[in-house]
Amino acid sequence: MKNKEVAEIFNKVAALLEIKGDNPYRIRAYQKAAQTIEALTTDVEELAKQGKLEKLPGIGPDLAGKIKEILKTGTLSLYEELKKEIPLVLLDFLEIPSLGPKKVKVLYEKLGITNIEELEKACKEHKIAKLPGFGWKTEENILKGIVLFREKRGRRPLGEVLPLAEEIMEILKRESPVENIAVAGSIRRKKETVKDIDVLITSIQPEKVMKKVTELFLVEEVIAFGETKTSVRLKTGIQMDIRVVEPDSWGAALAYFTGSKAHNIRVRELALEKGLKINEYGVFRGEEKIAGKTEEEVYASVGLPFIPPEIREDWGEIEAALQGKLPKLVEYNEILGDAHVHSKYSDGTASLEEIITKAEKLGLSWVAICDHSQGLKVAGGVPVEDLFKKKKHIEELNKRSSKVKLIFGAEVDILSDGTLDYPDEILAEIDFVIAAIHTGFQQTEEQITNRIISALKHPLVHAIAHPTGRVIGEREPYAINMPKILEVAAQYGKALEINAYYKRLDLNDVNTRAAKEKSIPLIIGTDAHFIDQIEYLPLGTAVARRGWCEKKDILNTLTYEEFMSWLKKVRNQF
DNA sequence: GCCGTTTTCGGCCCGACTGTTTTCAGTCG
Ligand SMILES: Nc1nc2c(ncn2[C@H]2C[C@H](O)[C@@H](COP(=O)(O)OP(=O)(O)OP(=O)(O)O)O2)c(=O)[nH]1
Ligand SMILES: [Mg+2]
Ligand SMILES: [Mg+2]
Ligand SMILES: [Zn+2]
């Protein structure tokens, strides 16, 4: 799939056009097209072949042609031309806080600066303050920005940031006069990675709240300070944006601050068509404020039902909402089991008894114990003899435990030739077999795809764990042909995992949606190796929701008995 | 560059904070 490549070129073209000073709406068209293509659940090349590119929103004849050009030649002549005019390194400059396209253009044209070192030198020699529109403060800010750029801590996994966001909420609730407070932005939308922490507050004493924010012990530096909007950098390096508004604006502000930007723009466009104006303070007809206290009110004012934060991405939710076709997303409390937990039988640290206790605390009614298979020695793969000990152990516990049932499972390694790491007669004894790739990541796309397809076709396999193998911030997905895998999974009625470990989230939101569209059963598993990691389960549910999944799409919503019969049904079809 | 049950041209979301500026452009949310 070349979706990513196409999107990347469009994003770069947009950035280069920005520096050139081109028409902002033309730039937005490229950015929007890039987002649309990245969120595509199908191969852009397929759409091109079928002549359906122009059906995509924001893709007209020109961009459709450019997509075809990229697919055909691997690049875009416009892009190649722009690169001749504007050195590509200038795009790095845009990532330096306080530097935008206008300033970068001046730095390049007036001072001929083309790398960070030159930029730093120019600041220190005070060459920059002399430029029109620049001053001594600009120099200082650029120097600070360069330091941050060099530290370059990119987007962080949601699961890493959530605890910090919650801690901050607790402190502010306790120690400042907040009336209402919520985390907004990408965190509220449960995006897999987040750039910053966005917090919305209502208060009748905004000055006091803002002052408290800047005095938090967690704060490293105040970036901007105002009575309604303040930004700080935390000691952990992450930025936090705070908005404080009046209680009457809570809904409008929450909608605004939750985003996404693209979603906001769509909603605001609908308002314009109705002669209304939406901003973070409310919905207005002329001077008159007609809504804003709740999000429901704001959406209703433009004829929309409430849209769950997880799908506010302009990935089609506005159209669906207008047609009354929003999915009824699977609820967090509808998840009854964790389908992928490791125990002491392999490289997990928890005993089966501890897992039961934890599951009960979390309100789960079943857990599938999927330890590694025999050949995966580095991960404590379970030899065949121990498998039967484990099976007995689980049966014993299930007799005694009524609230939480364990399921005898295995995460069976898919070997480099596509065969499985237990013989069939053993696999047949294991109630739940989830197969996964753990070695041979460097194989070709065809090889890895074929390994997964062999596993999917194996009559005793129920599901594939972490299908793409990506680890956020550490490892790219291995080369696989996702459309092919989806096709086979759909054909054989096999499940794909939404691995809920905070660094995996694999399938991701887009692939989850692609699977859902093909009615492929999805199964959420935390892949917990430490007992507390079972708490990551809701992150998997969040991915399911972002992938537009309903209760029926997610196997974890089945009761223990229902899930057990699904497992049998899958095998009985052969 | 895209788009259209009022439009095929003329719109395209809207606002806060900063710094450099004598009234606002740039960057960012
Ligand atoms: N209307 C409007 N809202 C915006 C714009 N930019 C940002 N917002 C709103 C929607 C965003 O979700 C929210 C927070 O902005 P952020 O830059 O923090 O983005 P977000 O949290 O969505 O993603 P990220 O922080 O990158 O993980 O502010 C904009 O240009 N227009
Ligand atoms: Mg954010
Ligand atoms: Mg933000
Ligand atoms: Zn595992």
Side-chain angles (χ1 to χ4, degrees), chain A residues 10 13-14 17-19 21-34 36 53-67 76 78 93-107 128-142 144-145 184-186 194-200 206 210 222-233 239-245 249 252-284 298 302 314 318 322:
Chain A
F10 279 0
V13 166
L17 288 173
E18 264 192 300
I19 296 175
D22 210 284
N23 176 0
Y25 300 106
R26 182 180 181 217
I27 292 162
R28 205 163 92 186
Y30 279 94
Q31 289 167 336
K32 196 76 228 308
T36 301
L53 287 176
E54 286 182 51
K55 288 216 164 73
L56 297 172
I59 311 262
D62 184 80
L63 289 178
K66 291 194 162 87
I67 292 171
L76 183 66
L78 169 66
F93 287 16
L94 294 177
E95 281 172 41
I96 298 173
S98 82
L99 277 190
K102 299 286 191 297
K103 289 211 171 84
V104 169
K105 182 173 203 270
V106 173
L107 290 169
I128 282 174
K130 297 192 185 82
L131 296 167
F134 290 64
W136 66 275
K137 207 67 169 130
T138 321
E139 280 180 345
E140 220 169 56
N141 286 338
I142 293 174
K144 268 196 222 162
S186 50
V194 301
K195 174 197 65 186
D196 62 3
I197 301 174
D198 301 296
V199 180
L200 176 67
M210 284 307 194
V222 177
I223 300 166
F225 183 85
E227 57 185 20
T228 175
K229 177 173 152 183
T230 286
S231 290
V232 296
R233 197 158 45 80
Q239 182 171 325
M240 175 163 72
D241 296 326
I242 307 270
R243 293 276 333 230
V244 181
V245 297
S249 293
L254 188 57
Y256 150 73
F257 215 23
T258 298
S260 65
K261 174 181 169 179
H263 176 89
N264 287 352
I265 290 177
R266 290 297 308 278
V267 174
R268 288 171 181 207
E269 280 171 354
L270 287 180
L272 283 177
E273 287 169 22
K274 292 189 173 346
L276 304 173
K277 178 181 77 168
I278 297 182
N279 58 27
E280 61 265 57
Y281 303 107
V283 183
F284 299 86
V298 174
V302 293
D314 195 19
I318 303 281
L322 285 171

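Only a predicted model underlies this, so the values are computations on that prediction, with no experimental measurement involved. In what follows, chains carry the letters A, B, and so on, assigned in the order in which the sequence lines appear, proteins first and then strands, with residues in each chain numbered from 1. Because only heavy atoms are used, hydrogens play no part in the values below, and waters and symmetry mates are left out as well, while side chains stay in.
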Looking at [atom1] of [X] and [atom2] of [Y], how far apart are the two atoms once the value is rounded to the nearest 0.5 Å?
{"X": "A:Glu269", "Y": "A:Ile318", "atom1": "CD", "atom2": "CD1", "value": "9.5 Å"}
{"X": "A:Asn141", "Y": "A:Ile223", "atom1": "CG", "atom2": "CD1", "value": "10.5 Å"}
{"X": "A:Lys102", "Y": "A:Leu107", "atom1": "NZ", "atom2": "CG", "value": "13.5 Å"}
{"X": "A:Arg268", "Y": "A:Leu276", "atom1": "CZ", "atom2": "CG", "value": "13.0 Å"}

Under-4.0 Å side-chain N/O to phosphate OP1/OP2 contact, [X] with [N]:
{"X": "A:Lys103", "N": "B:dA25", "answer": "no"}
{"X": "A:Gln239", "N": "B:dG29", "answer": "yes"}
{"X": "A:Asn279", "N": "B:dG15", "answer": "yes"}
{"X": "A:Arg268", "N": "B:dC13", "answer": "no"}
{"X": "A:Lys261", "N": "B:dC28", "answer": "no"}

Q: Could you run through nucleotides 2-12 of chain B and give me one letter per nucleotide, 5' to 3': B if any protein heavy atom sits under 4.0 Å from the base, S if only the sugar-phosphate is that close, - if neither?
A: SS--------B
Q. Reading nucleotides 16-23 of chain B 5' to 3', which nucleotides get B (base under 4.0 Å from a protein heavy atom), which S (sugar-phosphate only), which -?
A. BSSSSS--
Q) A:Lys102 or A:Leu78: which one's nearest nucleotide on DNA chain B is closer to the 5' end? A)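 The residue whose closest nucleotide sits nearer the 5' end is A:Leu78.
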Q. In Watson-Crick or G-U wobble terms, both distances under 3.5 Å, what is the partner of B:dG15?
A.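 Its partner is B:dC28.
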What's the gap between [N] and [M] when it is taken at their [atom1] atoms, as a whole Å value?
{"N": "B:dT5", "M": "B:dG1", "atom1": "P", "value": "23 Å"}
{"N": "B:dC3", "M": "B:dC13", "atom1": "P", "value": "14 Å"}
{"N": "B:dG15", "M": "B:dT22", "atom1": "C1'", "value": "23 Å"}
{"N": "B:dT8", "M": "B:dC2", "atom1": "C1'", "value": "12 Å"}
{"N": "B:dC14", "M": "B:dT20", "atom1": "C1'", "value": "24 Å"}
{"N": "B:dT21", "M": "B:dT27", "atom1": "C1'", "value": "16 Å"}
{"N": "B:dT7", "M": "B:dC12", "atom1": "C1'", "value": "14 Å"}
{"N": "B:dT6", "M": "B:dG11", "atom1": "C1'", "value": "15 Å"}

Under 3.5 Å, side chain of [X] to main-chain N/O of [Y], donor-acceptor pair present?
{"X": "A:Glu139", "Y": "A:Ala129", "result": "yes"}
{"X": "A:Asn264", "Y": "A:Val267", "result": "no"}
{"X": "A:Ser249", "Y": "A:Val245", "result": "no"}
{"X": "A:Thr228", "Y": "A:Val244", "result": "yes"}

How long is the line joining [atom1] of [X] and [atom2] of [N], in whole Å?
{"X": "A:Lys277", "N": "B:dC13", "atom1": "NZ", "atom2": "C1'", "value": "10 Å"}
{"X": "A:Glu95", "N": "B:dT27", "atom1": "CD", "atom2": "P", "value": "15 Å"}
{"X": "A:Lys274", "N": "B:dC13", "atom1": "NZ", "atom2": "P", "value": "17 Å"}
{"X": "A:Tyr256", "N": "B:dC28", "atom1": "OH", "atom2": "P", "value": "14 Å"}

Q.
Does A:Lys105 reach a base, just sugar-phosphate, or nothing at all? Heavy atoms under 4.0 Å.
A.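 If one applies the 4.0 Å heavy-atom cut-off, A:Lys105 turns out to touch nothing in the nucleic acid.
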Q) Is the count of non-hydrogen atoms from other residues, nucleotides or ligands lying under 6.0 Å from A:Glu227 atom CD greater than 12? A)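 No - once you tally the heavy atoms of other residues, nucleotides and ligands closer than 6.0 Å, there are 12 at most.
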(Q) Between A:Arg243 and A:Asp198 (salt bridge meaning N to carboxylate O under 4.0 Å), is one present in this structure? (A)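 No.
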